[in-house]
Peer 1: 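Handing you this structure, nothing more for now.
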Amino acid sequence: MTFNHCLLVVVFTSLCLGSAQAQSAKEAIEAANAEFVKAYNSKDAAGVASKYAEDAAAFPPDTARVDGRQNIQKLWQGAIDMGISELKLTTLEVQESGGFAYESGTFSVKAPGKDSKLVDEAGKYVVVWKKGQDGGWKLYRDIWNSDSGK
């Protein structure tokens, strides 16, 4: 085996391992999102908040930044109490870099509209995920907004 051939094998193997790691991050994040959605749709704000890192921050639309897991739990409890339901998340992209990954995607919910009738709302989000010491992914920075322009 020549030096060039060995180098080619090393580069190819590195690229394949990088793809496998990115895929595993995407799979882990999609699984965490499924747990997030299940908790939210079960009206379990504590379960939703458990998906966030202790030092997480959320950036909800048209309101101030929310810092820390306990405050994020209150944020989600408020959304549940308002009657926002039937959350769906769709991951469009995940990229991993070291102990962080970013995800972009879309969401849809049912939200109270005029006369308290539920209406469809949709939007987009970006999440920065942080890998914990246990190797699991937690939401670290979370921002979203509606497509309705309201």
Peer 1: Going by the angle between their ring planes, with limits at 30° and 60°, are W76 and W144 parallel, tilted or perpendicular?
Peer 2: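 Parallel.
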
Peer 1: Determine the minimum heavy-atom distance between A101 and I29, stating which atoms define it.
Peer 2: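 In this case the closest contact between A101 and I29 is CB-CD1, 3.9 Å.
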
Peer 1: Using 4.0 Å as the upper bound for N to carboxylate O, is an ion pair formed by E96 and K131?
Peer 2: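 Yes.
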
Peer 1: State, to 0.1 Å, how close V128 and F100 come at their nearest heavy-atom pair, and which atoms those are.
Peer 2: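 Nearest heavy atoms, V128 then F100: CG1-CD2, 4.0 Å.
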
Peer 1: Report whether L92 and I143 are members of the same hydrophobic cluster (ILVMFWY, side-chain heavy atoms less than 4.5 Å apart, transitive linking).
Peer 2: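 L92 does not cluster with I143.
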
Peer 1: Classify the side-chain pair Y52/D142 by whether it contains a donor and acceptor separated by less than 3.5 Å.
Peer 2: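 Their side chains do contain a donor-acceptor pair, which is all the 3.5 Å distance test asks for.
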
Peer 1: With the threshold set at 4.0 Å, does a side-chain nitrogen-carboxylate oxygen contact exist between K38 and D44?
Peer 2: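 Looking at K38 and D44, the cut-off is not met.
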
Peer 1: Between Y102 and Y140, is there a shared hydrophobic cluster once you connect ILVMFWY residues whose side-chain heavy atoms come closer than 4.5 Å?
Peer 2: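 Each belongs to a different hydrophobic cluster.
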
Peer 1: Write down the atom of A28, the atom of W137, and the distance for their closest heavy-atom approach.
Peer 2: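 Heavy atoms of A28 and W137 come nearest at CB-CD1, 3.6 Å.
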
Peer 1: Quick one: does D120's side chain have a donor or acceptor within less than 3.5 Å of a partner on K110's backbone?
Peer 2: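 No; zero donor-acceptor contacts below 3.5 Å.
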
Peer 1: Applying a strict under-4.5 Å side-chain criterion to I, L, V, M, F, W and Y, I'd like to know whether V126 and V66 cluster together.
Peer 2: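 No: no chain of side-chain contacts under 4.5 Å links V126 to V66.
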
Peer 1: Assess whether salt bridge (charged side-chain N to carboxylate O under 4.0 Å, His left out) is satisfied between K130 and D55, documenting all intermediate values.
Peer 2: CA-CA 10 Å; K130 183 164 74 168; D55 58 346; 2.9 Å; yes

Peer 1: Give me the atom names and distance for the closest heavy-atom approach of L118 to P112.
Peer 2: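 Heavy-atom minimum between the residues: CD2-N, 3.8 Å.
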
Peer 1: Quick check for you: to the nearest 0.5 Å, what is the distance between Q73 atom CD and I80 atom CD1?
Peer 2: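 These two atoms lie 9.0 Å from each other.
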
Peer 1: Do F59 and L75 sit in the same hydrophobic cluster, where Ile, Leu, Val, Met, Phe, Trp and Tyr count as joined when their side-chain heavy atoms come under 4.5 Å apart?
Peer 2: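 No: no chain of side-chain contacts under 4.5 Å links F59 to L75.
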
Peer 1: With rounding to the nearest 0.5 Å, note down the distance linking OG in S108 to CD in E121.
Peer 2: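 Those atoms lie 10.5 Å apart.
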
Peer 1: Kindly work out whether a path of hydrophobic side-chain contacts (I/L/V/M/F/W/Y, heavy atoms less than 4.5 Å apart) joins V94 to W129.
Peer 2: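 Yes: a chain of side-chain contacts under 4.5 Å links V94 to W129.
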
Peer 1: Could you check whether E35 pairs with K51 (Lys NZ or Arg NE/NH1/NH2 to Asp/Glu carboxylate O, under 4.0 Å)?
Peer 2: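 Salt bridge present between E35 and K51.
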
Peer 1: Which pair of heavy atoms, one from L139 and one from A56, lies closest together, and at what distance?
Peer 2: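 So the minimum-distance heavy-atom pair works out to O-CB, 3.5 Å.
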
Peer 1: Show, in sequence, the C-alpha distance, side-chain angles and deciding distance for N145 and Y125, and conclude whether the side chain to side chain contact (heavy atoms under 4.5 Å, CB included) test is met.
Peer 2: CA-CA 7 Å; N145 58 59; Y125 66 88; over 6 Å; no

Peer 1: For the atom pair NZ (K88) and OG1 (T106), what is the distance rounded to the nearest 0.5 Å?
Peer 2: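 Atom-to-atom, K88:NZ and T106:OG1 are 11.0 Å apart.
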
Peer 1: Distance check, rounded to the nearest 0.5 Å: Q77 atom CD versus K74 atom NZ?
Peer 2: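 Q77 atom CD to K74 atom NZ measures 11.5 Å (nearest 0.5 Å).
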
Peer 1: Working to the nearest 0.5 Å, report the span between CD of E103 and OG1 of T91.
Peer 2: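 Interatomic distance, E103 CD to T91 OG1, rounded to 0.5 Å: 4.0 Å.
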
Peer 1: For D134 and G136, indicate whether the former's side chain and the latter's backbone hold a donor-acceptor pair under 3.5 Å.
Peer 2: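 The answer is yes, because a donor-acceptor pair under 3.5 Å joins these two groups.
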
Peer 1: Could you tell me which non-hydrogen atom of G47 sits nearest to which non-hydrogen atom of A39, and how far apart they are?
Peer 2: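 Shortest heavy-atom contact: C-CB, 3.8 Å.
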
Peer 1: Atom OG of S146 and atom CZ of F107: how far apart are they, to the nearest 0.5 Å?
Peer 2: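 Result: 5.5 Å between the selected atoms.
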
